[in-house]
Amino acid sequence: MLTTLRIKNLALVADLTLELESGYNVITSETGAGKSILIGALNLVLGERADRTLIRSGSDSCSVEGVFDVSNLKAPLDSFLDENGLEPCEDRQLVLKRTFTSAGANRQFVNGSPTTLNALATIGAWLVDIHGPHEHQSLLNTSRQLDLLDAFGKLESERNAFKALLRSRATLDSEKTALITDEKTYAQQLDLFRFQVNEITAARLQAGEEEQVEQEHHRASNAAKLLQLSQAALDLLSENETSLLTQSGIVGRTLQELQRVDPSAALLVASQEQAVSALRELQTDLRHYADKVEIDPPRLQELEERLNLIHSLKRKYGGSVAEIIAFGEEAQRKLQSLEQRDTELARLNAALKKIETELWSAGQALSANRRKAIPQLSKAVSKQLADLGFKQSRFEITLTSLAQSQITSHQLTFTSHGLDTAEFQFAPNPGEPARPLRTIASSGELARVMLAIKTVLAAEDQIPVLVFDEVDANVGGETANAVGEKMRQIARNRQVLCITHLPQVAAPASAHYVATKQIKSGRTISEITLLEVEERVTELARMLGGQTEAARKHAEALLK
């Protein structure tokens with residue numbers, strides 16, 4: 001249930017905190033006092049698009065926060081929060097917040113964690129069902145009527161299974177379309193894929209090969225220079241009279257003479273011997289290096305051709321050897337698919353035939369379950385309509401199903417709703433035939449039909465908060481009493497918020513709020529307050545026409 005609604009700088013509301021109760025909550029006011037701001041605030045916090053014109057004049061931003069007790073919520077809220085990286089609920093309290101600015105910044109939070117508008121809307125759909133005057137018209141849509149029938153019959157799993165089969169068939173259709181081409185295009189694709197596969201296969205590429213070839217090519221193309229430099233280094237080390245090793249020998253003999261005069265110079269002799277050893281080791285390594293350097297023009301040409309081939313393939317098939325190899329593998333798969341087109345088409349056609357048989361069976365099963373639910377829904381709605389003033393009315397539902405011949409001849413195709421079209425029909429007066437709801441001109445009749453259906457479905461759905469925004473328009477008298485009683489009945493299982501102009505609808509509420517307009521510091525402000533018993537009498541008397549003694553007695557009688 002919705003426990004708290006906080007609104008800041010929305011339309012005429014400056015700063016409002018509304019604490020709501022379980023059961024039946026009603027909001028009344030003079031026309032234009034701002035009670036519908038509650039609906040606007042709820043829509044925002046439940047994920048509807050923000051209208052920046054709703055920001056209170058003189059303010060740069062607006063915020064709405066709703067706190068919900070989700071102790072009895074049936075929807076998979078906890079797993080949804082976890083999968084979307086949102087904070088879990090503390091003490092089963094869910095906090096939704098929405099803020100937006102005049103500059104266009106729009107942010108939403110769940111339990112303090114920033115989230116997307118889609119995530120907020122998903123959660124909102126589990127929490128609140130808002131029914132306003134505009135929804136009367138949605139009842140005229142046959143797909144909406146089918147939704148209501150399925151909701152009553154608890155057929156969501158069957159519909160989802162049908163949709164899953166439909167998605168699988170669409171995937172198979174796409175694969176089949178990709179295979180079916182004209183012969184010229186087919187031949188061109190075969191030639192192209194064969195050429196690509198043969199060219200890449202013939203290259204015999206190895207992962208990491210390009211780097212190795214480039215390094216070897218660099219050495220081969222610089223072989224003469226490498227040989228010259230290594231020989232020059234050897235000459236400096238040992239190949240002439242001024243070489244380092246010759247000079248080092250002279251230094252050694254000099255140090256040995258020094259040692260004979262001063263034995264403490266032995267360390268210097270040892271250092272010289274180490275230096276000579278290091279130079280001879282370097283000489284050996286240089287000779288080995290020079291021996292390996294080979295000037296080989298044929299090998300250099302071979303490396304250049306290999307590099308040119310790799311660069312050519314990279315221009316065609318990818319930026320690296322790994323990408324070229326991957327491209328070749330994919331081309332090979334496509335080639336095999338094309339070469340086996342007839343086999344693949346036969347497989348796809350068989351799979352399509354099988355899944356269409358499954359679709360037909362699933363659709364028939366769904367239709368059968370709908371037909372089982374129709375008498376029960378018709379009877380339940382008719383009973384509610386009798387309470388709402390249609391004592392001898394009839395509510396009927398016709399179901400028209402596709403024939404298998406229409407599907408197989410492709411005159412019609414499967415839809416996500418199954419094989420059926422539903423039509424709600426209503427006969428408000430005895431002796432008259434039932435007619436489709438779309439032919440009913442009276443908005444009052446339509447409103448009562450919707451309320452009857454809502455009353456029936458309230459016991460079936462899992463949404464904990466129902467909001468009725470002036471759904472009692474164009475009704476009055478004894479019917480208004482029945483509408484109020486219906487609201488109270490629904491509130492036994494759900495929290496109900498109802499905006500109304502009718503005292504008969506307001507009187508049965510367990511909590512009565514009134515919206516008023518005040519002028520403070522030269523600014524108009526809307527406020528919503530909870531009424532005590534005496535205040536309720538005064539408000540109901542106002543709704544009945546004035547503060548006369550007769551009106552107050554009538555108000556007291558309604559409350560009793």
Side-chain angles (χ1 to χ4, degrees), residues 85 195-333:
F195 175 80
Q196 291 173 339
V197 169
N198 290 337
E199 185 175 36
I200 294 172
T201 302
R204 298 182 182 277
L205 296 173
Q206 301 293 326
E209 175 186 4
E210 184 178 11
E211 293 78 9
Q212 296 173 3
V213 174
E214 283 180 341
Q215 290 172 9
E216 187 178 352
H217 176 267
H218 183 73
R219 288 195 302 271
S221 60
N222 290 282
K225 188 174 183 180
L226 295 174
L227 195 58
Q228 177 190 356
L229 290 172
S230 58
Q231 189 58 53
L234 279 169
D235 288 346
L236 290 170
L237 270 174
S238 61
E239 303 295 329
N240 57 57
E241 294 179 356
T242 59
S243 67
L244 290 175
L245 282 172
T246 300
Q247 296 298 321
S248 181
I250 296 171
V251 171
R253 289 191 291 274
T254 303
L255 290 175
Q256 286 172 357
E257 287 292 327
L258 179 62
Q259 180 183 9
R260 281 194 289 271
V261 177
D262 181 6
S264 65
L267 290 175
L268 297 175
V269 174
S271 295
Q272 185 271 343
E273 290 173 349
Q274 289 177 356
V276 170
S277 176
L279 287 172
R280 291 194 183 283
E281 187 176 343
L282 177 58
Q283 178 190 29
T284 301
D285 291 343
L286 264 173
R287 281 206 179 99
H288 288 156
Y289 179 84
D291 290 342
K292 287 192 294 184
V293 174
E294 183 179 0
I295 298 176
D296 186 356
R299 178 56 179 166
L300 178 60
Q301 183 178 355
E302 181 184 333
L303 291 168
E304 286 178 347
E305 290 174 355
R306 187 64 176 172
L307 277 178
N308 289 337
L309 174 62
I310 291 173
H311 292 157
S312 173
L313 293 175
K314 282 170 64 177
R315 285 192 297 272
K316 293 180 182 179
Y317 305 122
S320 67
V321 170
E323 289 181 17
I324 297 169
I325 293 171
F327 188 97
E329 291 171 350
E330 178 64 16
Q332 179 69 47
R333 188 193 67 79

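With a 6.0 Å radius and a threshold of 12 heavy atoms from other residues, nucleotides or ligands, Glu211 has its CD atom above the threshold.
Side-chain atoms of Ser277 never come within 3.5 Å of backbone atoms of Glu273 as a donor-acceptor pair (strictly under, hydrogens ignored). Judged purely by atom type and a 3.5 angstrom limit, Gln272 uses its side chain to pair as donor or acceptor with the backbone of Ser248. Panel note: side chain Ser312, backbone Asn308; no donor-acceptor pair is recorded below 3.5 Å.
For the pair Ile310/Lys314, a side-chain contact is recorded, criterion being any heavy-atom separation below 4.5 Å from C-beta on. Using a 4.5 Å heavy-atom cutoff, the side chains of Leu309 and Glu305 are not in contact. Between Leu245 and Val276 there is a side-chain heavy-atom pair separated by less than 4.5 Å. Within the 4.5 Å cutoff, the side chain of His311 has heavy atoms near those of the Glu210 side chain. For the pair Arg306/Glu209, a side-chain contact is recorded, criterion being any heavy-atom separation below 4.5 Å from C-beta on.
With rounding to the nearest 0.5 angstrom, the CD atom of Gln196 is 11.0 Å from the CG atom of Leu313. In this structure, CD in Gln332 is found 9.0 Å from CG in Asn198, a value given to the nearest 0.5 Å. The line from OG1 of Thr254 to CD of Gln259 is 13.0 Å long, rounded to the nearest 0.5 Å. Atom-to-atom distance recorded for Leu237:CG and Thr246:OG1 is 10.0 Å, nearest 0.5 angstrom. Note that OG1 of Thr284 is 6.5 Å distant from NE2 of His288, once rounded to the nearest 0.5 Å.
For the pair Leu286 and Ala233, the tightest heavy-atom approach, listed with the atom from each and the gap, is CD1-CB, 3.6 Å. The two residues Ile324 and Ile200 have their closest heavy-atom pair at O-CD1, 3.8 Å.
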**OP:** Starting from the C-alpha separation in whole Å, work towards a yes-or-no answer on side-chain contact (heavy atoms from CB on, under 4.5 Å) for Gln212 and Gln206.
**Re:** CA-CA 10 Å; Gln212 296 173 3; Gln206 301 293 326; over 6 Å; no

